[in-house]
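First the structure, in the form of structure tokens, and then the observations on it.
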Amino acid sequence: MVTDKNILVAGGNGLIGKQLVKLLEDRGANVKVVDKNLDPNMDLTNFDNCLDACHDMDYVFNLLCIKGSPKAMKERPASHLVPMLRFNTNLMEAARICGVSKYLYTSSVAVYEPKEMFSEDDVWVTFPSPHDRFAGWAKRIGELQAESYEIEYGWKGISIVRPGNTYGPHDDFDSDGADGVPV
């Protein structure tokens, strides 16, 4: 249950985040939203900001991503890969250091090779699509980080989800993500 739990929603102003924040608040959680679009000074590529954000949190939902089209990935791959590696790595490490009990890592369907039907077992025997390879590899690294924390630290409170083709209220249809800003 989430009643009276302190919950950080990183990326809480985005498409999925806004819906999640409402659900958590409706269930009595104390929700803290961190989103660069709400507070440009709360850049989660900075480790100290991640420590501040995770302080006194029971749960962390990492919904951070950088929206990107195949065109943006082709023209500006470093603007997607580098910040994603930083904020994903920093936030999970800060949550571990701060003693967060439950952590949701939002990966991506981009970790899979292109197929009509995805199989969980295929993710580590194939490569991400050439169109999504920078985002796919960044998200795979986050999944490996989660696995490494369970092995080395015994942290079994990390869950991974791999959404694909999400859309709905609060989506941003005016950007292809080429600016490299987490959403």
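Within the structure, ring pair (Phe, Tyr, Trp, His ring centres under 6.0 Å) contacts touching residues 27-76 (residues at least two apart or in different chains) do not occur. Residue pairs meeting the salt bridge (Lys or Arg N to Asp or Glu O under 4.0 Å) criterion with at least one member in residues 122-147, sequence neighbours excluded: K115-D122, E143-R162. Among residue pairs with one or both ends in residues 122-146, those qualifying as ring pair (Phe, Tyr, Trp, His ring centres under 6.0 Å) are F127-W137; sequence neighbours excluded.
Counting only distance, with no hydrogens or angles, the side chain of T3 and the backbone of R27 share a donor-acceptor pair below 3.5 Å. N13 contributes no side-chain N or O that, together with a main-chain N or O of D35, makes up a donor-acceptor pair within less than 3.5 Å. For the pair N49 (side chain) and D43 (backbone), a donor-acceptor distance under 3.5 Å is present. Of the possible donor and acceptor atoms, one in the side chain of S101 sits under 3.5 Å from a partner among the backbone N and O of D58. In terms of modelled atom types and a separation under 3.5 Å, the side chain of R86 and the main chain of V82 share no donor-acceptor contact.
M57 is connected to L64 through a chain of hydrophobic side-chain contacts under 4.5 Å among Ile, Leu, Val, Met, Phe, Trp and Tyr, so both are in one cluster. Both Y103 and Y153 are members of a single hydrophobic cluster when ILVMFWY side chains are connected at heavy-atom separations under 4.5 Å. Under the 4.5 Å side-chain heavy-atom criterion for grouping Ile, Leu, Val, Met, Phe, Trp and Tyr, L85 is connected to V111 within one hydrophobic cluster. Hydrophobic cluster membership differs between M84 and L81, with clusters built from Ile, Leu, Val, Met, Phe, Trp and Tyr side chains linked at under 4.5 angstrom. Following chains of ILVMFWY side-chain contacts shorter than 4.5 Å, one can reach I16 starting from I7, so the two form part of one hydrophobic cluster.
Annotation for P83 and T45: closest pair O-CG2, 3.8 Å, computed over non-hydrogen atoms. Residues C54 and C98 come closest through the heavy atom pair O-CB, 3.7 Å. The two residues S107 and P163 have their closest heavy-atom pair at O-CD, 3.8 Å. Heavy-atom minimum distance, R96 versus E93: NH2-OE2, 2.9 Å. Minimum heavy-atom separation, Y105 to G142: OH-CA, 3.4 Å.
Going from atom CG of L8 over to atom CG of D56 covers 12.0 Å, rounded to the nearest 0.5 Å. Considering CG of N90 and CG of D48, their distance stands at 9.0 Å, rounded to 0.5 Å.
N30 is linked by a side-chain contact (heavy atoms from CB on, under 4.5 Å) to N6, counting only residues two or more places apart in sequence or in another chain. For the side-chain contact (heavy atoms from CB on, under 4.5 Å) test, residues two or more places apart in sequence or in another chain that qualify with A146 are M92, I158, I160. Among residues two or more places apart in sequence or in another chain, the salt bridge (Lys or Arg N to Asp or Glu O under 4.0 Å) test is passed with D121 by none.
Between E25 and K22 there is no salt bridge, since no side-chain N of the basic residue sits under 4.0 Å from a carboxylate O of the acidic one.
Side-chain contact between C65 and T106 is absent, with no heavy-atom pair separated by less than 4.5 Å. Using a 4.5 Å heavy-atom cutoff, the side chains of I141 and N88 are not in contact. Between L44 and N62 there is no side-chain heavy-atom pair separated by less than 4.5 Å. Between V161 and S159, every side-chain heavy-atom pair lies at or beyond the 4.5 Å cut-off. V9 is listed as a side-chain neighbour of L63, based on a closest heavy-atom distance under 4.5 Å.
Within a 6.0 Å radius of NZ in K102, no more than 12 heavy atoms belonging to other residues, nucleotides or ligands are found.
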